[in-house]
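Working notes, structure below.
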Amino acid sequence: MRSINIGLLGFGTVGAGMVKILIENGPLIESRLGALLILKKIADLDITTDRGVAIQPDILTTDASEVLNDPEIDIVVELIGGYEPARSFVLQAIANGKHIVTANKALLAKHGNEIFAAAGKQGVEVAFEASVGGGIPLIHSIKEGLVANRVKMLFGILNGTANYILSKMTDEGTSFETALKRAQEKGYAEADPTFDVEGIDTAHKLAILMMLSFGIPINLDAVYTEGISKITPLDIEFIQQFGYRIKLLAIAKDTGDAVEARVHPTMIPAGSMLANVNGSFNALSITGDMAGDILLFGRGAGMMPTGSAVVSDLVDIGRNILYGAVGRVPAIGCQAGAVRDRRIKKIDDLETKYYFRFTAVDSPGVLSKIGGVLGAHRISIESVQQKGRVTSGSVPIVMITHKAREVDVQNALKEIDSLPVVQGETILIRIEGD
Ligand code: HSE
């Protein structure tokens, strides 16, 4: 049987998952591919820690060039994460004629245009199923299953850590810190967990999906990004009372004249499907102009789900090598010459419903002062709640608005937060799906 040789850069959680799958499901994968996938070399700075997987010790090296420059290696799997040295290694591997499999969404979101161009010139594949949605085949679904569609909308949960934290805070009253610690122990979180909690990881993933869905270059800077670190247990209590759940959502829409792209904590009706996607699970709703709405759901992070996505890319490339069909499915989803830049809307242009939590002095006339500013900025209130009196002298006042424009909301909140009766910054959460 023919062999396809693999070199691995970065032997962490996902790398160990990939190796475990290649061992445990080896015969099954070979029967589907029609070739052996041979792990020839693993490079990592740490080659002593036991990853719990059986490998020949002599395939381990601390020198990445042993992978990059080995003429027998067909596919380099980059699981180092981060920007450097991952970028240099990937470009070097491409220059050496090797195909690339990567789970590195940060790398692709920042340097993807450069990497895809280099791979295109060199005639090698870049596959990245594991970069978005862990074990859910989101990339294959968009590139192949939905190839006949113009994607009109992407709407979903793309970060397991943030979803795990919000689910634990909502359902078990766990503190933010404890939930984050648990997510880190389970291997969901990024090396720098601020990427998870500040929405950056979700934005990386959305930028990649937008490239595939809308045929545009990757443009991370245009994705409005806000994280979950300001969400308090008090907000979660109010959100539930209003009949919603809170999720860190990635939202992209093709509005015809432009593209909308944003990542932020979002209140969605408690009975909706996405509201019930909890823990480390991810889900992405894709609206195609022909297929309609599709919902893909599964484990968005972790060793085995992400390892499964890596192996699916190895098989894909392996099949193309075997059949002389390298480049059969373009890495970026469309032919390079068909990529078009589109205008990406500013968040100021958004029109949606909002939740506000004001912290205000508990005295007569306060509500009308706040209401007056909102009215002056064309913001209409749908409902209001004030929690009982508290001894500290300030009370939370919570409002849900009708649809309003973001620019008006931001201007109104600036004015409200400078009122002497308002103490502390107002919390704003956007609402979708009503
Ligand atoms: N840190 C990421 C998450 C890992 O929590 O979803 C998967 O990309």
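These numbers come from the heavy atoms of this one structure, side chains and all, not from hydrogens, waters or symmetry mates.
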Inset, instruction - Assign the ring pair F238 / F242 to parallel, tilted or perpendicular, where the plane angle (0 to 90°) is split at 30° and 60°. - result: tilted
Legend entry - Within residues 122-149 or reaching into it, pairs that qualify as salt bridge (charged side-chain N to carboxylate O under 4.0 Å, His left out) - sequence neighbours excluded: E144-R328
Inset, instruction - Fit a plane to each ring of F297 and F281, take the angle between them on a 0 to 90° scale, and name the class: parallel (under 30°), tilted (30 to 60°) or perpendicular (over 60°). - result: parallel
Inset, instruction - Could you tell me whether R87 and E114 make a salt bridge, using a distance below 4.0 angstrom between a side-chain N and a carboxylate O? - result: yes
Legend entry - Ion pair E406/K345, N-O distance below 4.0 Å: no
Legend entry - Pair N320, H99: side-chain N/O donor-acceptor within cut-off below 3.5 Å: no
Inset, instruction - Go through the side-chain N and O atoms of Q92 and S88 and say whether any donor and acceptor fall under 3.5 Å apart. - result: no
Legend entry - Atom pair CZ/OG1 of F11 and T61 - distance to nearest 0.5 Å: 13.0 Å
Legend entry - Side chain proximity check, L68 to F89, heavy atoms < 4.5 angstrom: yes
Legend entry - Atom pair CZ (R430) and OH (Y355), whose distance is rounded to the nearest 0.5 Å: 14.0 Å
Inset, instruction - Count the heavy atoms belonging to other residues, nucleotides or ligands that lie under 6.0 Å from NZ of K253, then report whether that count exceeds 12. - result: yes
Legend entry - Pairwise distance CG(L108) to OG(S131) - rounded to 0.5 angstrom: 5.5 Å
Legend entry - Identified side chain to side chain contact (heavy atoms under 4.5 Å, CB included) partner of K247 from the options L274, T266, N163: N163
Legend entry - R343/D257 salt bridge by N-O under 4.0 Å criterion: yes
Inset, instruction - Find the distance between CD1 (I47) and CD1 (I59) and round it off to the nearest 0.5 Å. - result: 11.0 Å
Inset, instruction - Using a strict 4.0 Å threshold on nitrogen-to-oxygen distance, state whether E425 and K230 make a salt bridge. - result: yes
Inset, instruction - Over all heavy atoms of both residues, which pair between D44 and G12 is shortest? Give the atoms and the distance, please. - result: OD2-N, 4.4 Å
Inset, instruction - Consider only side-chain N and O atoms of T287 and D293, and report whether a donor and an acceptor are under 3.5 Å apart. - result: yes
Inset, instruction - Please answer whether the main-chain N or O of A127 pairs with a side-chain N or O of D316 as donor and acceptor at a distance below 3.5 Å. - result: no
Legend entry - Greater than 12 external heavy atoms within 6.0 Å of L45's CG: no
Legend entry - Distance-only polar pair, side chains of T170 and S167, donor-acceptor under 3.5 Å: no
Legend entry - Test item: V398 and D235 side chains (from C-beta on) under 4.5 Å apart, heavy atoms: no
Inset, instruction - In plain terms, say whether R342 and D254 are close enough for a salt bridge, that is, a side-chain N and a carboxylate O under 4.0 Å apart. - result: yes
Inset, instruction - Check whether more than 12 heavy atoms from other residues, nucleotides or ligands sit under 6.0 Å from atom CE of M1, and answer yes or no. - result: yes
Inset, instruction - Tell me whether the guanidinium CZ or amine NZ of K110 lies under 6.0 angstrom from the six-membered ring centre of Y83 and within 45° of its axis. - result: yes
Legend entry - Separation of I165 CD1 from Y188 OH (nearest 0.5 Å): 12.0 Å
Legend entry - Distance in Å, I21 CD1 paired with L37 CG, rounded so as to fall on 0.5 Å steps: 11.5 Å
Legend entry - Check ion pair K181-E185 (N to O, under 4.0 angstrom): yes
Legend entry - Verdict with reasoning, T426 to D417, per side-chain hydrogen bond (donor to acceptor under 3.5 Å, both in side chains): CA-CA 7 Å; T426 297; D417 285 355; 2.5 Å; yes
Legend entry - Pairing of K41 and D70 as salt bridge, 4.0 angstrom limit: no
Legend entry - Check: L284 and I136 side chains under 4.5 Å, non-hydrogen atoms: no
Inset, instruction - From the options Q410, H264, R357, select the one residue that forms a side chain to side chain contact (heavy atoms under 4.5 Å, CB included) with L428. - result: Q410
Inset, instruction - Please say whether more than 12 non-hydrogen atoms of neighbouring residues, nucleotides or ligands are located less than 6.0 Å from CD in E172. - result: yes
Legend entry - Set of side chain to side chain contact (heavy atoms under 4.5 Å, CB included) partners for E198, sequence neighbours left out: T194, I200, S229
Legend entry - Side chains of I216 and R340 in contact at under 4.5 Å (non-hydrogen atoms): no
